Structures are given as C-alpha cells and as structure tokens.
Protein chains: 6
Amino acid sequence: MDNSQTIEKLYGITTATIIAALMKRGIRRAVMKGVMPMVPSTQKCVGPAFTMRNIPIREDKGGAEKLGDPKYPQRVMLETAPAGSIVVMDCMGEPGSAMAGDLMAARLKVRGIAGLVGDGGMRDVTETATIGFPIYCKGPTPYPSTNAFLAHELQCPIACGTVAVYPGDIIVADGDGVVVIPAHLAAEIATESERQEKVEAFCKEKLLEGRPMPGTYPPSEATMREFEEWLKAGH
Amino acid sequence: MDNSQTIEKLYGITTATIIAALMKRGIRRAVMKGVMPMVPSTQKCVGPAFTMRNIPIREDKGGAEKLGDPKYPQRVMLETAPAGSIVVMDCMGEPGSAMAGDLMAARLKVRGIAGLVGDGGMRDVTETATIGFPIYCKGPTPYPSTNAFLAHELQCPIACGTVAVYPGDIIVADGDGVVVIPAHLAAEIATESERQEKVEAFCKEKLLEGRPMPGTYPPSEATMREFEEWLKAGH
Amino acid sequence: MDNSQTIEKLYGITTATIIAALMKRGIRRAVMKGVMPMVPSTQKCVGPAFTMRNIPIREDKGGAEKLGDPKYPQRVMLETAPAGSIVVMDCMGEPGSAMAGDLMAARLKVRGIAGLVGDGGMRDVTETATIGFPIYCKGPTPYPSTNAFLAHELQCPIACGTVAVYPGDIIVADGDGVVVIPAHLAAEIATESERQEKVEAFCKEKLLEGRPMPGTYPPSEATMREFEEWLKAGH
Amino acid sequence: MDNSQTIEKLYGITTATIIAALMKRGIRRAVMKGVMPMVPSTQKCVGPAFTMRNIPIREDKGGAEKLGDPKYPQRVMLETAPAGSIVVMDCMGEPGSAMAGDLMAARLKVRGIAGLVGDGGMRDVTETATIGFPIYCKGPTPYPSTNAFLAHELQCPIACGTVAVYPGDIIVADGDGVVVIPAHLAAEIATESERQEKVEAFCKEKLLEGRPMPGTYPPSEATMREFEEWLKAGH
Amino acid sequence: MDNSQTIEKLYGITTATIIAALMKRGIRRAVMKGVMPMVPSTQKCVGPAFTMRNIPIREDKGGAEKLGDPKYPQRVMLETAPAGSIVVMDCMGEPGSAMAGDLMAARLKVRGIAGLVGDGGMRDVTETATIGFPIYCKGPTPYPSTNAFLAHELQCPIACGTVAVYPGDIIVADGDGVVVIPAHLAAEIATESERQEKVEAFCKEKLLEGRPMPGTYPPSEATMREFEEWLKAGH
Amino acid sequence: MDNSQTIEKLYGITTATIIAALMKRGIRRAVMKGVMPMVPSTQKCVGPAFTMRNIPIREDKGGAEKLGDPKYPQRVMLETAPAGSIVVMDCMGEPGSAMAGDLMAARLKVRGIAGLVGDGGMRDVTETATIGFPIYCKGPTPYPSTNAFLAHELQCPIACGTVAVYPGDIIVADGDGVVVIPAHLAAEIATESERQEKVEAFCKEKLLEGRPMPGTYPPSEATMREFEEWLKAGH
C-alpha cells in the first residue's frame, strides 16, 4: 500500500479532527492516554507504525549489557525500521524508565524515521530536543530503558497509552496527543478530514468576524453554501 | 454590583496573595486542583463566574448532534455569557474530553468573555493558543466534549477542581492556578491585597539588596516604617 | 571535604549519565520521583544537600505566624544554609502547598545558595522565574507552605521524591529530573562520568554522520580507538 | 410507571448480565467506578434512583449546623424519598467525607428505602453494617459529610462514579458494583436478562459436568435445544 | 500524665465521633489517609503514640542485615516501646513494603503493645491475623521492610497517612480508620465524646422506632429532655 | 521438568518467605502490584504459569462475538492449559474489565487448572466465589472481558502487575499477593524456603513465649542450636 499521499494529507489535519472522524465510524479507543510531546517545541509527526513490545525487566534476564547485542530487538529496530515509519513502543505505561536518549534519537533521525512514540519516559530531554526529531512520551526521566524495560518483540500488535496499535496503523501526533488510525481507514479519513479542516478554517474566520456560533458551527446549509463559494474563490 | 474597580485591582494581585487573604478569613477551599494554564503563554484573567454544569454523557441521551441545537446549554452559554465574565465549567474533573476547541475559543474571545476555566481538557491547543484567549484546564486532549460531557445547566452552583463556584464569584487565574473569591468578599480582598502586593514588592527589593529574611519578611515595625516612606516616595 | 572540583565537573554531566554510573554500583534508588524543573527555563544546579524536614501542619501547632519567628527552622535555613549548597526539602510528596515563593527565592539567591529542590509545590512561579534561581519541585500552587507544611528540623536525613537524602549528598538537577549522589561516591562518579560524557559526545557525532548503532554505541573496541584519537586531537 | 415487576425480576439478575445487555444496545457508560459494597455482607439492592447533588463545602457557606435545618436538602431527602427507591448521591468522587453514618442509615431503613449508593465515603461502618441496610460507597472514613459536601439539590440529573444518573433510572447493585439502567430500558432488559440468567445457569451446570467451553458457552444451537428441554423440565 | 481513664473511655467512642469533636475545635487534619484495618476482623485499639520514623532505603546504607543489629531503631522499638502504647510508623505512604510480619507482631503482642499503625504495608497477613494483635496499614504485601524502609529515629514527630503524629498523641483506630488526638485535648474529648455517644445511641433507638430525622438528630430541646430521662433510667 | 515436588513444597511456603529468598539472589521485581485474592476466602495456589496476552480492544477488531470462536486464544486457553498450571493473564493493569466470570471459572476448575491470576478485574464475584477456584485479580467489575481486552497470544512472555512472567515460571499466590519464581530457581528456592519456614515457626514459638527479638530473630547461633534440637525432636 502506498501511504504517501495519505500521510501528506494527514500532516495538515489535527488529531482532534481525526478522532472526531473515527468516532463517527464507531471507533473511540484510538487516543493514547498520557502520551504527549516531549517538549513544547516537538514537531507534528505522521507515519505508519513500526511496533516494539517491551516486557518488564527481571534481574535474571539481563540488563544494560543487552544494548551491546546487535540482535537485541531494540537494536534491530534501530537498523531496520523503514524510513518514514513511526516507531511505537509498548512501555506498559511506565514513565520511570526511558525508551530512548539522545544517541538513539540521533540514529532514528539519521535513518529517516518520522517519529518516536511510546508510553514510557525519555532521558537526555534537553540534548534530545536539539536534534529536532519528533518524540511523544510520558515525560522526562534520567533512568535508562534497562531500569524497567526489556525489548522483546518487533512488529506485533501492542498496547500503547491504553490503546491498541497494529503494525502499519497510521499514527498522527500533535500538540493534543497521539491518535491511531486503523490502516484500512487511513485513506478515507485523510480525504474526509482534509475537507473538514477547510470547513473549520472557514467557520473560524467567520466566528472571528463576529458571527454567532449557531448557524456558523456546525455550519447551516447557508453557511455551507458560503463555504463552497469561499473554496471556489481559491481558499 | 459594579465589580469593575475590584476586577481592575485584582489584575495586579497574584492568586498566592489572594489565597493567603482568604485563609486569614477562614476560607481554605478556594483553589482549583489541577486546573492550570493551557499553555505557558496563557495570560492572567479575572472576572465574575458564569457557570456551566456538565454531567457524564450516556449513549441514549445523544452526543455530537447536540452541538447543532441552539438551545443546548453549551450553545446558549456561548451567546449569552456577559462580556467580562469568566466561563467556568464543571467537567467532573475528567481530563479526557475537551471543554472547547479553537472555534469555541474564537467565539468567546469575540464576545468579550474574560476567560474560560474548567476541570476538563482542551483540544486544538496549538491553534487555540494563537487566538490569545485565556484558558485554564487540566491539559490537552483531542477528544471532543461529547466524548464525556453533556452540558446540562447554566448559572447554578458547581464543583470545579474540587472547589465550589457560585455564579458571580470572582475568579482569578494566573501561573499558579485558579482561585475563587466569594462574591461578598471580593472588594475587601482586592483592597487589602493591593496593599499587600506593595508591601511584598518593597520587601523583595530589600531582600535582593541583601537584607536577611527575619525582620524583612514578615516585615518588622521598622521595615513597615521604611515601607511607608517608600510609598510616600511614589512607589 | 572540598567538593569544588567535583561540583564543577558535575555541571558538565547529565543526570542520565550519573544514574547509569550509580546503577553500575548497585544504587538504583537515587532519582526523585515527580520533582522537575519549576519552569522550562530553569537552569541546571549542582551542590551538596542542606536538608530540611517538614511534617504535616496541625491546627493546634500554629501556622502562618511561625514565619515571623527567626528560630523557625525554615527561617534558620534561609540564613544559615551555606553558599553553594542546595536546599532540599522533605515535603512528604505533597504538591498542594508551596515550599517557597518569590521572596524566599530572592533571599536564597542573594545568599549564594545553588538551588532549591523538594517534593512540594511552588507559588509565585511567574515572579520567581524572573529571579533566575534554580528550583525543582512538583509544580505550581498558590497555597503557602503553612497550608500543609510545618518545618521541623534541619540537616537530618530525609525522604524527598521517595528517595533518601543525607546532608552533604551531592544533588544534580537538570531537565530530566534530580539525582542524589551519596557523598562518598561523588568524586569517583564525577571523574568517571566526565569521560563517559566525552565518549557519548563522540558516539553521537558518529551517529549523526550516519554510522549504525551497533559498534558505535555501546562503542566497540575499534570505536574506542577512534575515540582516543579524537580525544588526542583536542576534543 | 409501575416498576414493581421489573424490580422483582432484577433482584434475580446480576449486574454483569445487565451491563452485557446494555452494551448490546450501545450503552457502555453505565457502571459506577469505585462504588462498591460497604462491607462484604452488604445485600443486593434494586430500585428507582432518588438523586441528591452535593457540591464542595466552602467555609463561608456553613457546615455542620446545616444538619439541624429541616429544609436542608439532605434532611428533606431523608423524609421524602419514596419507599422502594434507592438514594443516589453525587459526592464528586470524594472518598474522604461520609455520605451518611449509622443514624441516617437507620432512618433510611425505617422509611423503606431500598438502598443508598454514592461516590463518597461512609462513617460508622461497623455500627452501620449491623443495621442490615444496603450501602454502596467508596469506602470508610470517619469524616462527616460536612467535611467536604454541601447537599444542594434533589431529583436532578447527577454524576455518580463517573456515570450519569437521572431520577427514576433503575439502579442495580451487587458484589460486582453498581449499574444504572436508563428508565425506558429497564422492563425490556429485565425480561431479556431473566432468560439470559437461566441460559447461563444451564451452561454452568453443563460446564461443571465437564463439557468443553466451545459449544457450551456461548451456547451452540444444540446446546440451546437442550436448554429448552431443561426449561420445560421445570428449571 | 495518667491516660488510663481517658483511654478506657475512648475504647467506647468511635473515630467518627472523635473527629467531629476535633473539628468543633478547629482541628481537621487528624485522620490518616489510607490507613485501614489489616483484615476485617482487626480489633479496635487506643493508646499513646510511640513513633518511629523511616526513611527510604538506599543500597549503600545496608538492608536486611540491619535486622540483626540490636541497636537498629526498629529493634530498639520492639524492646522499649511501653506496654499500652501504639507503635506508629512513618512509612512515607509506601504500601509496597511491610512495616512488620508475624514475628514482629508476635513480639509486640507479648510485650503488651496496644496496636501497630502506619502508612506502609503488612506481610504474612494471614498468619498475623491469627495472633489477634490490632494492626492498621495500607494493605498486604510480601515485600519485607528492607525493600523500601530504613528505620531512622524513635519518638520524634512524624507524618503518617498525611497527618502529624507527636509522641504521646492519643491514637484511636477502628473500622472507619485512624484518628490522632493531640495529647493535650485527649481527656476533654474523651469526656465530651462519651456523652455524645450516649446521645447518639438514644437518637438511633428513637430513629429505629420510626421518628423523623428532624428533631431527633441533631436532637431538639425536647429530644434532649427525653434523653436526660433515658439517662436517668439507667442507660 | 517434573515440578511436582517443588510445587508441593511451595504450598507450605509463604510469598513473604519466597520474595526474601529471591531478593537474596538479586531479584526484586517479582511481586505483582495490585493483584490480590478475589475474595477473603480465596485459597492459596501454586503452579507453573500458562500465559495469555491481551491487547486493548478496538471497535473495528470485533468484540463479544469473538467468544464464540473456538480458535479465539482465550477459548483455546480454556481447553488446552494443562492441569496443574496457573493461567496468568496480561490485562495491561486495567481493572475495569473482567478476565473471567463464573462460567470460565467453572471450566478452569473442572479442567484441573490450579488457579487464575491476572492484572484485570473479575465479574460475577459472588457466584464465582462459591465455585472454590483460586483467583487473584485487581478487584470486581461487572464489565465483560470484551469491554477492554482482546486475547491475542498464548504462552509468550508477558507483563502482569508490572512484573515479567515467562511460561513455566512458578507462580505462588496467597493472602499477601502473587510472587513469580523464575523456573530455573524454583527447586532451590523451595528447598531453602522450606527450612526457613521451620526456622520462623520455631522463632515465633519462642517469641510468643516471651523472648526478646534480638537473638531470637534473626536467630543467633545459640537460637539456631536450639532450633536444631527442636527439629530433631520431631517438629
């Protein structure tokens, strides 16, 4: 499936508009709880999910030395996740251990990964922020991943922020949080939402001009006719 | 009651000074828990409360289509809350649904509302922040209000952030959070606190000049005499 | 003990690197939970802990009037904590009361204290941020300390953010949070971590040039030889 | 509306069966969060909701002396809620204040009220348990209602345990928790669920005899034919 | 101070009655949050507080081997807390480590200690329950004390369940939770509450006979005259 | 591996003793957080883990109808988990959905499963308790599994109660909670702990006879000699 057009469209659409479109289709469980931009300057990101499942560390199963093993799933992910994808980590909702630090962020950025999303913490947040790579997480922590996480498996369905993520689902993350679009709905939602964003831009313009909310939004038929004119006028 | 002078004074007074004045009068339950500026750039706001009570949505009672009904309390509020008031929403402490997005914020701003305060979430935070309208909430979420809230009633006593708000109470919100001043105490607290802010400004000046805390703050009698001189000198 | 060199070194080392060094020595309980920079612009701070233990206020034990007593431990702390130290307060994890406001921050700054750290709230955060004094806490609140805290004792072992702090332990606080280095380990960890930071800087440079993670970090023997050359070249 | 038959049926139906029937009708937000039997011996209760809305106490609005005012909504409720109803209190989810103690429980019992349900605490739990009146709450606390609650209004829609309760909705409470049946659905759900309970009783009998789960539950057509025989045989 | 009469009286008074008496005196912060009977069969206990302060364990400060040191404060407490006292432990609110197990409970019981109260967990709860020694805690956990706690100091003011406890304060614990009576108020509260319990017993009798709440409780003057007669009649 | 002797021994050993033995071996992350007996009468259980991983339900992936599919992992588990095993479910820590109800409990019991453990809720708790099958969970809820869980995979490593469980690990669950013993350590820990339980039984006997804690527990050499005599005497 070529997602490139869908993804390009989704860069212009807010997570708020997307979840509304999903709710119209009966899908409510699609926003990650507590997964937010790492810093205020974090950029938006969109892309298909490349998933990684962590399980809790246990002292007899090893720790930091795993990071030196090229077959350790986290290391395999760093080298094999496709450019344009968003790495999504199941960290079991644990904020007290970092899914990555500035070195991993640097590698992900260089490899063309579109973003990193997960329900764990982040370390080196000050240094990582300077790299300009979009990261959504549960907040900062100095603890390394091996304080709580053992990477176990790649590209399987996971839980992240209390919602399901299947490999290939389209992830959209912005200042409101992170929404998961089931892969089979992404194209249709992108198209529908693109128009919805224009409708809302038009309505907002009218509201700022002083129109009352009723009739303006949700738009009445008269407002929609005006909108169509506005569109034709090149907006 | 003409609150305009009181409100003007309160724009120069911090919530920290106000809660201290309330505590002297035996009132401790006056700061909203978890209700904070929507973004770091959120401006201070002061005004009488215009309240709205939500109850939890239930699937048999309708959802998003309510927004198209001009008699829906949330829509009535948008058109009838008086200029200068602060809309305060009882969202039952639920951060996972938005009390408003950028369109509602635009309408509130145009209508001259002084601010929006509530113990729910906000959506479209990036777009809303550009409007320059003061909003205090429990954080961002892409979910619309109809994910969890059904607007039920206007201008009744409500709970917000675990404290009571009565219509007409004076709300003051700044970087420390949101404080509720019972209407009957607002004028006297504004007057008393205005002086207190000056005392603190003087004491801070002295502390930054190197004076020890004891004697400087709380100010000794000698310090208060100096303060009176300082005041007379035109500060 | 002269900590000055150790402290100077630690200003160049992240809390993420320090906790990794502590974990290698079997120490995991060293990062304060929920204690974060008061505002995004908060500067890093490093110094030996000067501790203060609070207990919960009780109405028969007095309140705000304590602040006028020069023998009240909080006031004694303000005048006696040594320049260069970091004041660390045990606030029992309670965010709903402030450990300080802008006046106390002004005094601490003037006295040359290196920072204020504690698991309570902060008031006057907007005004305090302008003073340029590093504060790490659980977030803003307008409530004064005497809403919940009674300062009880200075320079005793305390709990802060669920970890132990002994007087003289070295505190390091940055954008990831706050780490406590046991006094007896501080010098050796500073020296070891200084080198580790250089290794990581080198590895990051290589990663940003496009090298794969395996072999680059953790560094292989070949990478370490390159690193030694890089060091000799004056980095 | 005469609910008596519906209520009698519902005494034989579990909350687990009822929420499943509601979910088939698209209603998911119907189980109170955190509202549980006051003690393990608490009996089941069923009845139409008589609602009471609390708001947070504020020191200038009075406290314990309210209890002596016969017009105080809580006191009016005690004397006017109809026999057979279940008193449901909106306590804003606050467990640290009691919705009632043993004296109120005694009065409710004598008046023929079917039960007391709310998202607040209970005091005098040991003494109250001996009265044999069904109470569902968030747990024990010695604090009286006036520590946090001010009764404000009777028989209005409320939030309780994060779900909506409208006066007249049918409440069913058992060891699993409390479910709210919208009034208009109660009769049909009672009838449908009565049969479902029989199906489950039959299936459980078969499972305990050793049949495999597939085919037995959910029942296959063959199992349903057996069930019909079993029913005819007088079960 | 001879507390024996006061303590005997308090065995007949509920924590609910005591906190109401404290609130009349302006004291609200006196009930431990989350500290409850270890098992449903836990008996009531009353006595003066013998306090122990824990701090968080840190790996360089030792662990389980401390228990073998007779000078370790926890061990000193076991041998020196006076018969009749209630041992109160500051566990920093951490439920995931036990303040004691069945061996410590056995020793405390044999020594005549009146009870053990603290804001930590308990281990061996099944075995400990058979000893018949009153324990109030935050719940069961298999982890030993040395998983999280290092006993640091005896007989100092502490925090427990978010409230202050001073050595010698009178602790009363029952099915509603644990209340702390400041030592200087214990005798007067015991005397006043003893009468209040009789008033309530009389009112409850009348309520169970069918009287309306208004006039019966809070009791009217007429009800109080009846009460006096009832008292004289030997109740 | 024949675990039968190990399992028999472990039925006589508490989780408190086991975690202490694990901690001596450097393993601390082995107790499930918040996973407790379903009801006070829940029996102890011991056995090798048969694991099931859930992921969050999503509306486009189906719901209750899955239960009718014999290939649905949850249904496969019911028919294939070996007698003597303990079914351990990864419910992502979500208490608001049931891992099972009384029908599933009946099937598990009949099939000889030793117990059911998981970090989700349980429904039909009253009816399930009468079956006499050991269940450890996060509490009651009327919601069915398909409210939040989709069974995804069997016999893979999982997270449960924030700790790792690998298929075949030995689970021990009692009134203190649930501990996970890595399979390779089970035999040695069972043997060591069996003796430790005897030592503790002896020490407790002595403590109840009035001996002081120091010297008795941890036992001195003299106490250990007495213990050896006591053992020889047939205890």
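A, B, ... follow the sequence lines: proteins, then strands. Residue 1 opens every chain. Keep in mind it's a predicted model, so treat the numbers as computed, not measured.
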How about [X] and [Y]: do any of their side-chain heavy atoms sit closer than 4.5 Å?
| X | Y | answer |
| --- | --- | --- |
| A/Met23 | F/Glu59 | no |
| A/Asp60 | F/His184 | yes |
| A/Met92 | F/Met92 | no |
| A/Pro56 | F/Arg29 | no |

Report summary line: Given A/Asn54, A/Val180, A/Ile57, the one with more heavy-atom pairs under 4.5 angstrom with chain F than any other is A/Ile57
Query raised in the report: If you tally heavy-atom pairs under 4.5 Å against chain F, which of A/Asp90, A/Thr162, A/Asn147, A/Ile158 wins?
Result: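 Of the options given, most contacts go to A/Asn147.
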Contacting moiety of [X], where chain F heavy atoms sit under 4.5 Å:
| X | result |
| --- | --- |
| A/Glu94 | neither |
| A/Arg53 | side chain |
| A/Leu150 | side chain |

Report task. Determine whether more than 12 heavy atoms belonging to other residues, nucleotides or ligands lie under 6.0 Å from atom CD of F/Glu8. Result -> no
Query raised in the report: Counting only heavy atoms not in A/Lys9, do more than 12 sit closer than 6.0 Å to its NZ atom?
Result: yes
Query raised in the report: Looking at F/Val163, F/Leu185, F/Ile55, F/Ile27, which one has more heavy-atom pairs under 4.5 Å with chain A than the rest?
Result: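 Most heavy-atom pairs within the cutoff with chain A belong to F/Ile27.
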Report summary line: Of the listed F/Cys156, F/Pro157, F/Gly26, the one with the largest count of heavy-atom pairs under 4.5 Å with chain A is F/Pro157
Query - Ion pair F/Arg58/A/Asp169, N-O distance below 4.0 Å - result: yes
